[in-house]
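Working notes, structure below.
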Amino acid sequence: MRIENATLADGRAVDVRVEDGTVEAVGDLDPVADEETVDAEGNLLLPGAIDVHVHFREPGFEHKETWETGARSAAAGGVTTVADQPNTDPTTTDGAGFDAKAERAANACIDYGINGGVTADWDPDSLFDRPLFALGEVFLADSTGDMGIEADLFAEAAERAGEAGVPVTVHAEDADLFDESAIEGDLGGVGRDADADAWSAYRTAEAEAVAVERAVRVGGETGAQIHIAHTSTPEGVDAARDGGATCEATPHHLFLSRDDLAELGTYGRMNPPLRSETRREAMFERLADGRIDVVATDHAPHTREEKEQSLLDAPSGVPGVETMVPLLLGAVVAGDLTAERVRDVVAANPAEVFDLPRKGRIEAGADADLALYDLDVAREIRGADLHSNCDWTPFEGHTGVFPEWTMLRGEFVWDGEEFGAVAGENVRD
Ligand SMILES: NC(=O)N[C@@H](CC(=O)O)C(=O)O
Ligand SMILES: [Zn+2]
Ligand SMILES: [Zn+2]
């Protein structure tokens, strides 16, 4: 197959030859006889995005999402590889838990990695016996699934991961620094009527910075590679960088702030919570200038029914795997970000941080994981148009550029209307 007349993120106009699922050549390529041609019409060709932080919920919470629906949502958003988190049922904290998840993940139409998690009753021996994508997210405070752990267990887990050469991804919040007084008293009604700003006041910005500092210190002491998940504050990003760790930021912490909570209510409750508009801007600045290594979604679907509760009863988390690249490209169209930055944070950098040599770049020898975008057709994001089992989005009404098509190892997994019968593989197998 020859993809003709594509524009790469760096502005180069090229043709791309794909053979046996691999990029064979990039450049000015003459057609060969009988070769299939795909006309890219000068549109932007990006490497398939790698979302290193999703919660596809299976096994255990199939009513929220499955590997089938989550992967389809990813593909329709230009994402061709995901890494799944361990707070499923059973938790992915021992060999059997890993195997149970691997069985379900085989239903995905995109490639994937499976993380191992840490709880007081985890079984590191059988867990590290499996091909882990990473150890994590290790919860330094409780979030969905109540998998928060104590400091000494974190140090022990980091030690094991360091020995095994497995990166550690950390949910960095310190519950000792949460402000309980913020969630006392009247928090309003349910769903959109709840006072969700109280959640941001409760899980303080300071709690993140302090936990990040602790995590990177443990990384230094144990030799483990530390990656801070979903940093929500500029202080958290700076502490990660200063400590020699890499960090990721979510689209919700880059495009939403506490100012949106009056409208979102419990639909905007997540951990770490939305921050002030000032902090959001400082996060976006760090995205644009390269201080944030990776954008990942923390795709955490919950049903409307679950969200339609009081602030304290509604679960934390928002979906996002399908809207990540579209939102970032919306920012490119608006002139706030370069296409090269987008390519780096969603593809090249995650491939480098998590050691995926065949992923994240459009060059000879790489997997032909590709997505094509027409920057002239930005459209309004609507939950009803998305393919996740979660039929709402916190980005309703935002502008996004969705892929014309998405390809996994040379096969169309999404053609803009339908999904192809493509089988995903574990990137660590
Ligand atoms: N981010 C969230 O608020 N929720 C996540 C868990 C997590 O990443 O902390 C979930 O699994 O629902
Ligand atoms: Zn988390
Ligand atoms: Zn998460």
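Indexing begins at 1, ligand by ligand and atom by atom, following the structure's order.
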Nearest non-hydrogen atom to atom 8 (O) of ligand 1 belongs to which of M270, E137, E173, H171? E137
H299 ring center near F56 ring center (under 6.0 Å): yes
How close does the nearest protein non-hydrogen atom get to atom 3 (O) of ligand 1, and which residue and atom is it? N271 N, 2.8 Å
E235 bridged to R279 by N-O distance under 4.0 Å: yes
In E137, which N, O or S atom comes closest to the Zn ion (ligand 3)? OE2
Which atoms of ligand 1 sit under 4.0 Å from any heavy atom of H53? 8 (O)
Numbering the atoms of ligand 1 from 1, which are under 4.0 Å from a heavy atom of H302? 12 (O)
Could you tell me whether R203 and E208 have a side-chain N and a carboxylate O separated by less than 4.0 Å? no
Nearest option to atom 12 (O) of ligand 1, as decided by whichever heavy atom of R57, H230, R269 sits closest: R57
Would you call D238 and R291 a side-chain contact if the rule is heavy atoms closer than 4.5 Å? yes
Derivation and outcome, side chain to side chain donor-acceptor pair (under 3.5 Å), residues D51 and T297: CA-CA 7 Å; D51 184 351; T297 63; 2.5 Å; yes
Proximity to ligand 1 by part of S143, non-hydrogen separation under 4.0 Å: side chain
If every non-hydrogen atom of A9 is compared with every non-hydrogen atom of L46, which pair is closest and at what distance? CB-CD2, 4.0 Å
What is the name of the N/O/S atom of H171 that is nearest to the Zn ion (ligand 2)? ND1
Which atom, counting only N, O or S, brings D298 closest to the Zn ion (ligand 3)? OD1
Considering only the protein, which heavy-atom contact is closest to atom 1 (N) of ligand 1, and what is its distance? D298 OD2, 2.7 Å
Any idea which atoms of ligand 1 are less than 4.0 Å away from a heavy-atom of F139? 7 (C), 9 (O)
Side chain to side chain, S316 and W199, heavy atoms closer than 4.5 Å: yes
Are any N, O or S atoms from H230 nearer to the Zn ion (ligand 3) than 2.8 Å? no
Taking the basic N atoms (NZ, or NE/NH1/NH2) and the acidic carboxylate oxygens, is any pair closer than 4.0 Å for D259 and R280? no
Tell me which N, O or S atom of H53 sits nearest to the Zn ion (ligand 3). NE2
Any side-chain heavy atom of R241 within less than 4.5 Å of one from R286? no
For ligand 1, does V318 get within less than 4.0 Å through its side chain, its backbone, both, or neither, judged by non-hydrogen atoms? neither
Exactly one of H252, H253, H171 should register a ring-ring contact (aromatic ring centres under 6.0 Å, His included) with H230. Which one does? H171
Is there a polar contact between ligand 1 and G317, counting only N or O atoms under 3.5 Å apart? yes
